[in-house]
Amino acid sequence: MIALVDCNNFYVSCERVFDPMLEGRPVGVLSNNDGCVVARSNELKALGVEMGTAMHLLPPAIRRQAVLLSSNYALYGDMSQRVTEVLGEFSPHVEVYSIDESFVGFQGFDPDSLEARGQAMRDTVRQWTGIPVCVGFAPTRVLAKVANQAAKKHPAYKQHGVCKLTADSEATKALLKQLPVTELWGVARRTGERLSVMGIDTAWDLREADAKRIRQRFSVVQERIVWELRGQSAIQLDDMSLPKKQIMVSRSFGRLTGNPHDLREALRHHAARAAEKLRKQQSVTSAVMVFLRTNPFRTDLPQYQQRVVVSLERPTDDSRDIIASAVQGLRRLWRKGYAYHKAGLMLLDLSPKANRQLTLTETPQTDEEAKRSERLMATMDKLNRELGKGTVQLGLPRKGNAWALRSERRTPRYTTQWNELLVVK
DNA sequence: TCTGGGGTCCTAGGACCC
DNA sequence: TCTGGGGTCCTAGGACCC
């Protein structure tokens with residue numbers, strides 16, 4: 001059996017831990033630039049606010065009633081780690097799936113003990129971190145997702161917040177029969193439309209469908225879901241500790257800008273962030289893709305969207321090389337006369353730094369150069385880690401630049417910044 | 001005025017090889 | 001009328017996830 005542990009309204013719950021006044025009120029957390037709602041408390045959901053609603057489209061009445069906060073990722077990331085640590089007390093097999101969800105393996109445990117273990121896990125997370133979670137047990141990941149949804153919403157389970165499903169029980173059958181197929185993990189609108197044509201509308205319909213036919217019409221991905229619904233494991237989760245295959249950093253700007261200096265600063269900044277991520281997973285990159293775009297929603301303005309790949313002379317993890325490539329890419333992309341809305345970059349073609357081989361065409365770097373680069377980057381990372389993000393930067397952004405994020409309602413970073421811990425209201 | 005950011009996997013199709 | 005038969009590698013694009 002495997003458990004899916006999912007935090008309830010995670011970002012909102014994090015905020016509530018540090019401000020109990022938010023309890024019982026409609027609370028929403030906004031995306032970057034305070035653009036749209038990305039997390040909602042149950043009270044806000046009850047007011048009919050959908051996930052992803054643009055801030056400026058929220059009815060004024062709701063805006064008055066609700067507490068809307070800028071996102072505080074430093075806080076959420078730290079809280080997430082604390083939750084994961086608690087889960088580790090209950091099983092050696094914890095796979096972190098996202099910031100607010102983990103799969104926890106319970107192979108070899110007495111099946112009859114699981115509900116009690118789930119309950120204990122839930123209580124302990126709540127007590128030690130303040131975050132409410134729900135737990136779904138099932139033989140496969142897709143069913144564990146279904147169980148977790150039931151633990152959150154279904155009248156029969158939500159009081160305890162724990163639900164255990166076996167593959168073939170009547171309870172499972174009943175649940176799958178009333179579950180629209182698009183609410184399954186891995187089935188979204190597009191696939192749902194095509195399944196509907198085949199007369200498959202509920203999760204149960206999909207479970208009973210001919211797996212081969214599903215594979216022919218769709219792909220192995222959909223076929224695996226059929227097997228998982230029947231209780232046969234077909235989905236392996238990537239080991240989250242594996243290095244990423246690509247690293248992206250991009251942001252929409254606080255306001256539109258056509259100024260090349262703004263774009264250059266933004267991209268330098270993103271490139272430095274990407275290089276940090278790269279070093280953290282001990283990889284090197286040999287190509288940087290840079291992209292630039294105008295705001296697609298502003299149909300009244302001329303549109304431009306372009307990307308370019310810049311190859312590096314040699315695979316590297318040195319911020320200076322990566323920043324230089326980003327700036328070079330920008331020079332090739334930038335056109336006069338557009339109001340840009342977003343810029344970013346992606347590090348491609350990543351490989352492990354250890355034992356890397358010289359390519360045929362590269363100019364070898366002297367040992368001395370390599371060591372200097374190594375020391376400089378390690379020192380920068382250490383200072384930023386220990387003294388706070390942005391302590392050391394390559395070039396300083398100007399004040400009041402157009403690309404800086406708008407984040408007007410952010411709560412203090414209680415758990416990661418000493419100087420924000422004490423807040424007098 | 002204002003619409004997030006970061007990932008993964010799979011498939012199809014083209015280029016190229018022998 | 002007829003124009004082989006496999007392979008591999010790479011890229012673009014679709015679909016999905018949180």
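Please read these numbers as outputs of a predicted model, since none were measured by experiment. All chains are named by letter (A, B, ...) in the order of the sequence lines, taking the proteins before the strands, and each is independently numbered beginning at 1.
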Worksheet item: His269(A) NE2 to dG5(B) P: how many Å, rounded?
Response: 14 Å
Worksheet, complete the sentence: Separation of dT8(B) atom P from Arg141(A) atom CZ, nearest Å, is 17 Å
Worksheet item: Would Ser70(A) and Asp34(A) count as having a side-chain donor-acceptor pair, cut-off 3.5 Å?
Response: yes
Worksheet item: For the pair made of CZ in Arg224(A) and C1' in dC10(B), what is the distance, rounded to whole Å?
Response: 9 Å
Discussion item. What I want to find out is whether Glu208(A) reaches Lys173(A) closely enough, with some N-O distance under 4.0 Å, to be called a salt bridge.
Written reply: no
Worksheet entry | Out of dC18(C), dG4(B), dG5(B), whichever nucleotide has its closest atom nearest the side chain of Trp185(A) | dC18(C)
Worksheet item: Which of residues 34-56 of chain A sit near DNA chain B, with a heavy atom under 4.0 Å from it?
Response: Gly35(A), Ala54(A), His56(A)
Discussion item. Ignoring hydrogens, what is the shortest heavy-atom contact between Thr172(A) and Leu143(A)? Give both atom names and the distance.
Written reply: CG2-CD2, 4.4 Å
Discussion item. Counting only side-chain nitrogens and oxygens, does Lys277(A) get under 4.0 Å of the OP1 or OP2 atom of dG5(B)?
Written reply: no
Worksheet item: So, is Lys342(A) near the phosphate of dG5(B), with a side-chain N or O under 4.0 Å from OP1 or OP2?
Response: yes
Discussion item. Heavy-atom nearest nucleotide on DNA chain B for Met346(A) versus Leu57(A): which residue maps closer to 5'?
Written reply: Leu57(A)
Worksheet item: Phosphate oxygens OP1/OP2 of dC9(B): is one of them under 4.0 Å from a side-chain N or O of Ser219(A)?
Response: no
Worksheet item: Of the nucleotides dG4(B), dT8(B), dC17(C), which has the atom closest to the His341(A) side chain?
Response: dG4(B)
Item to complete: Give Leu184(A) one of three labels, base, sugar-phosphate or nothing, depending on what nucleic acid heavy atoms sit under 4.0 Å from its own.
Response: sugar-phosphate
Worksheet item: Out of Glu228(A), Glu101(A), Glu183(A), which one pairs with Lys145(A) under the salt bridge (charged side-chain N to carboxylate O under 4.0 Å, His left out) rule?
Response: Glu101(A)
Worksheet entry | Whole-Å gap separating C1' (dC18(C)) and CD (Glu95(A)) | 16 Å
Worksheet item: Under 4.0 Å: is that the gap between some side-chain N or O of Lys245(A) and OP1 or OP2 of dC9(B)?
Response: yes
Practice prompt. Kindly say whether the aromatic ring centers of Phe137(A) and Phe106(A) come within a distance under 6.0 Å.
Written response: yes
Item to complete: Output yes when Lys212(A) and Asp210(A) qualify as a salt bridge under the 4.0 Å nitrogen-oxygen rule, no when they do not.
Response: no
Worksheet item: What about the rings of Trp128(A) and Phe90(A), do their centers lie closer together than 6.0 Å?
Response: no
Worksheet entry | Asp168(A) and Arg207(A) ion-paired at < 4.0 Å | yes
Item to complete: Determine, using ring centers only, whether Trp334(A) and Tyr304(A) are less than 6.0 Å apart.
Response: no
Item to complete: Give a yes/no on whether any side-chain N or O of Arg298(A) is located under 4.0 angstrom from OP1 or OP2 of dT3(B).
Response: no
Worksheet item: Under 4.0 angstrom, heavy atoms only, what part of the nucleic acid is Asn33(A) near: base, sugar-phosphate, or nothing?
Response: nothing
Worksheet entry | Counterpart base for dC17(C), defined by Watson-Crick or G-U wobble contacts under 3.5 Å | dG6(B)
Worksheet item: Of all of residues 246-255 of chain A, which get a heavy atom below 4.0 angstrom from DNA chain B, listed by number?
Response: Gln246(A), Ile247(A), Met248(A), Val249(A), Ser250(A), Arg251(A), Ser252(A)
Worksheet entry | Side chain of Val220(A) (C-beta onward), nearest among dG4(B), dT11(B), dC18(C) | dT11(B)
Fill in: Atom-pair distance (CD on Gln216(A); P on dT11(B)), nearest Å
13 Å
Discussion item. Less than 4.5 Å apart, side chain to side chain, heavy atoms only: is that true for Arg189(A) and Thr182(A)?
Written reply: no
Item to complete: For Ser71(A), answer base if it contacts any base atom (sugar-phosphate contacts may also be present), sugar-phosphate if it contacts only those atoms, and nothing otherwise; contact means non-hydrogen atoms under 4.0 Å.
Response: nothing
Worksheet, complete the sentence: Rounded to whole Å, CD of Gln303(A) lies from P of dT3(B) at a distance of 12 Å
Worksheet item: Are OP1 or OP2 of dC18(C) and a side-chain N or O of Lys145(A) less than 4.0 angstrom apart?
Response: yes
Worksheet entry | Whole-angstrom distance between dC16(B) and dG4(C), as gauged at atom C1' | 16 Å
Item to complete: In whole angstrom, give the distance that lies between atom CZ of Phe291(A) and atom C1' of dG6(B).
Response: 10 Å
Worksheet entry | Closest nucleotide among dC2(B), dA15(C), dT8(B) to the Lys244(A) side chain | dT8(B)
Fill in: Sidechain N-carboxylate O distance under 4.0 Å for Glu265(A), Arg251(A)
no
Worksheet item: Roughly how many Å is it from CD1 in Ile225(A) to C1' in dA15(C), rounded to a whole number?
Response: 11 Å
